> 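Sharing a structure here in C-alpha cells format.
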There are 2 protein chains.
Amino acid sequence: MTSLDPTGRSLDDYPRPSVAVDTAVLTVARGALCVLLVRAPDAEPSLAWRLPGTFLHVGETLADAVTRSLRQKAGVADLHPQQLHVFDDPARDDRGRVLSVAHLAVVRADRVPARDGNRLVPVADVPALPFDHGAIIGFAVTALRERYRTAPDPSGLVDAAEPDGSFTLRELRLVHEAVAGHRLPPDAFRRTMRHHLTETGRTSTGRRGKPAELYRRRGGPSVPE
Amino acid sequence: MTSLDPTGRSLDDYPRPSVAVDTAVLTVARGALCVLLVRAPDAEPSLAWRLPGTFLHVGETLADAVTRSLRQKAGVADLHPQQLHVFDDPARDDRGRVLSVAHLAVVRADRVPARDGNRLVPVADVPALPFDHGAIIGFAVTALRERYRTAPDPSGLVDAAEPDGSFTLRELRLVHEAVAGHRLPPDAFRRTMRHHLTETGRTSTGRRGKPAELYRRRGGPSVPE
DNA sequence: CAAATAGTGTCTATAAGACACTATTGA
DNA sequence: TCAATAGTGTCTTATAGACACTATTTG
C-alpha cells in the first residue's frame with residue numbers, strides 16, 4: 001500500500017469518489033416486462049421509489065455489492081448481475097461525488113417477495129425516478145431485448161408448468177413478447193427458436209387446443225442460475 | 001455534503017476505492033488494427049509498456065480523465081472515448097483497491113505523435129501487459145468490430161487522399177478489413193455500404209486501374225470528431 | 001360443431017457469398 | 001498488350017414475414 005504511482009504520489013494522496021451500484025431488476029409479470037422498485041425510507045415521498053442500490057465496500061466486487069443490496073433491500077437472491085454503464089455526472093448526487101455502476105439482473109417474478117417496500121412496475125409505466133435511475137432502466141431494457149432477440153429465454157424467465165422445466169413454444173413466445181414489448185409472429189418465432197431447443201417427445205395437456213410439444217433449451221441457460 | 005444516506009451514515013464514513021481509467025486507443029496503421037501502448041517510466045522493464053491511464057480526479061468526468069491521460073501520456077487529443085467495462089478484481093492492483101473503467105478511443109494513425117514513449121502495436125501481436133490491459137484490448141477490439149460491421153467507417157479512420165475527405169470504396173474496404181482482421185468480399189461490401197454513402201460524382205485518379213467513384217458518408221460520422 | 005391452439009407449406013422480399021463478366025486505366 | 005482495379009449481373013443459400021392451410025383438442 002505504500003508503493004508509488006508514476007507521479008511519485010501514493011494512492012492515499014488522491015481524493016476519491018464514492019462508488020455505488022444501482023440495479024434494474026427486470027422480470028415478466030402479467031405479460032409485461034417489469035422493473036423492481038424499492039422504497040427508500042428516509043427520502044421525500046415524491047422520490048421515495050427507486051432502484052435498489054448500495055455503496056461499494058472496499059474489498060468487495062461490484063457483483064457482490066449488487067447481490068448484497070438486492071438481498072437486503074428487496075429480499076431477492078441468486079442473481080447474476082451484468083454491468084451496463086457507469087454514470088459519472090459530477091452533479092448527479094448532491095451528497096458528494098458518487099459514481100454509479102448500473103447493473104441489470106433478471107429474475108422470475110415468483111422469486112421477488114411481496115413486501116411493502118417492493119413494487120413491480122411495467123417498464124412502460126415507470127414514474128419519474130431520482131438520480132439516473134430512469135436512464136438505467138433504459139440501458140437495462142435495451143440490453144435484455146438484445147439478449148432475447150436470438151436466443152430462447154437465455155435468462156430463465158419462463159415459468160414452466162411442467163415439473164421438469166420443459167415448456168411449450170407458446171409459453172416461450174409469450175415471455176419473448178413481454179420482453180420485446182410487442183407481438184411476435186408465431187410461425188417465424190417457432191422456426192427461429194427451434195434450432196436452439198431439444199424436443200422432449202412429450203406434449204403439454206389441459207389447455208384448450210391441440211396439445212403442444214414440450215421443449216428444453218439446448219445446452220442449458222446462457223446465464224447460469 | 002452533510003446529508004445522510006438511508007443508513008444514517010454520511011458519505012465520509014465509507015472507505016472508498018480509487019477509480020482509474022485505462023484506454024485502448026485503436027487505429028489502423030500499415031493495414032493492421034493497432035493499439036497504442038505507452039511506456040511507464042518507473043515500472044520494471046518487462047511490464048513498462050501498458051495502456052495509457054490515470055486516476056479520476058474528484059469533480060472530473062470519466063471522459064475528461066481519459067482525455068487528460070491521453071493528452072499527457074501520449075500527446076493525442078480530441079478523442080471521444082466510449083466506456084467498455086469496469087474491472088473490479090480486488091487484487092488487480094497491489095497498491096490498494098483500484099477500480100478501472102476501461103475505455104475505447106479511435107483515432108487516425110497520423111494523429112498519434114511519434115515519441116519515444118509511444119508504440120503502435122498490431123492487436124494480433126500484443127505482448128503480456130500488466131493489470132487487465134490485455135482484457136481491455138479484447139473488449140475494445142470486439143466493440144470496434146461490432147461498430148464497423150454494418151456502418152461505413154463510423155469513427156473516421158479512412159485517411160482520404162482527397163482534400164474534401166471523400167474516399168473510394170477500395171479505401172473504405174481496406175480500413176474495414178484491417179478492423180475486421182480478415183479480407184472482405186469486394187462486391188458484397190460495395191452493395192452493403194453503398195446504402196450509407198453519397199456519391200460525389202467525381203472519380204479518383206492516379207492509381208493503376210479504372211478510376212473509382214468518390215463517396216462521402218451519408219449524414220457524417222456516427223462519432224463526431 | 002365451433003373455437004382455440006399447434007404446426008406446416010409456400011410465396012415473397014431481402015441480404016450475403018460466390019463467381020463470372022465487362023469496363024477503364026497505367027505500365 | 002497485360003496487369004490491375006472498378007463495377008455489374010446473376011445464381012445460390014438463408015432468413016423473416018405473410019398467409020393459407022391442416023391437425024387436434026376442449027367447451
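Basis for what follows: all heavy atoms, side chains included, without hydrogens, waters or symmetry-related copies. Bear in mind the structure is a predicted one, so any value in this text is a computation, not a measurement.
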> Please report, rounded to the nearest Å, how far the P atom of C:dG7 is from the CD atom of A:E171.
11 Å

> Would you mind reading off the distance between A:R207 atom CZ and C:dA3 atom C1', rounded to a whole angstrom?
15 Å

> Can you give me the closest heavy-atom contact between A:P52 and A:L36, atom names plus distance?
CD-O, 3.8 Å

> Side chain of B:E213, heavy atoms from C-beta onward: which of D:dT24, D:dG17, D:dG7 has the nearest atom to it?
D:dG7

> Among C:dG17, D:dT5, C:dG7, find the nucleotide with the atom closest to the side chain of B:P185.
C:dG17

> Do NZ/NE/NH1/NH2 and the carboxylate oxygens of B:R50 and B:D22 come within less than 4.0 Å?
no

> May I ask you to say whether A:E171 pairs ionically with A:R207, meaning some side-chain N is under 4.0 Å from a carboxylate O?
yes

> Take the protein atom CD of A:E199 and the nucleotide atom C1' of C:dA6, then report the distance between them rounded to whole Å.
13 Å

> Roughly, in whole Å, what's the span from CG in A:L184 to C1' in D:dA16?
12 Å

> Nearest to the side chain of B:R191, heavy atoms from C-beta on, is which of D:dT24, C:dA18, C:dG17?
C:dA18

> Return the minimal non-hydrogen interatomic distance between B:L104 and B:T23, and the atom names on each side.
C-CG2, 4.3 Å

> Given D:dT5, C:dA6, D:dT8, identify the nucleotide with an atom nearest to the side chain of A:R170.
C:dA6

> Can you tell me if the side-chain N/O atoms of B:R183 get under 4.0 Å from OP1 or OP2 in C:dA18?
no

> Just checking B:T192: base, sugar-phosphate only, or nothing, at a heavy-atom cut-off of under 4.0 Å?
sugar-phosphate

> Can you tell me how far P of D:dA6 sits from CZ of B:R208, to the nearest Å?
12 Å

> Would you say that more than 12 heavy atoms from the other residues, nucleotides or ligands in this model lie under 6.0 Å from the CZ of B:R183, or not?
no

> Nearest-Å distance, CZ (B:R190) to P (D:dG9)?
12 Å

> Let me know the distance between NE2 of B:H196 and C1' of C:dA15, rounded to the nearest Å.
12 Å

> Whole angstroms only, please: what is the CZ-C1' distance between B:F167 and D:dA6?
16 Å

> Give the nucleotide from the list C:dA6, C:dT8, D:dA4 with an atom nearest to the side chain of A:A212.
C:dA6

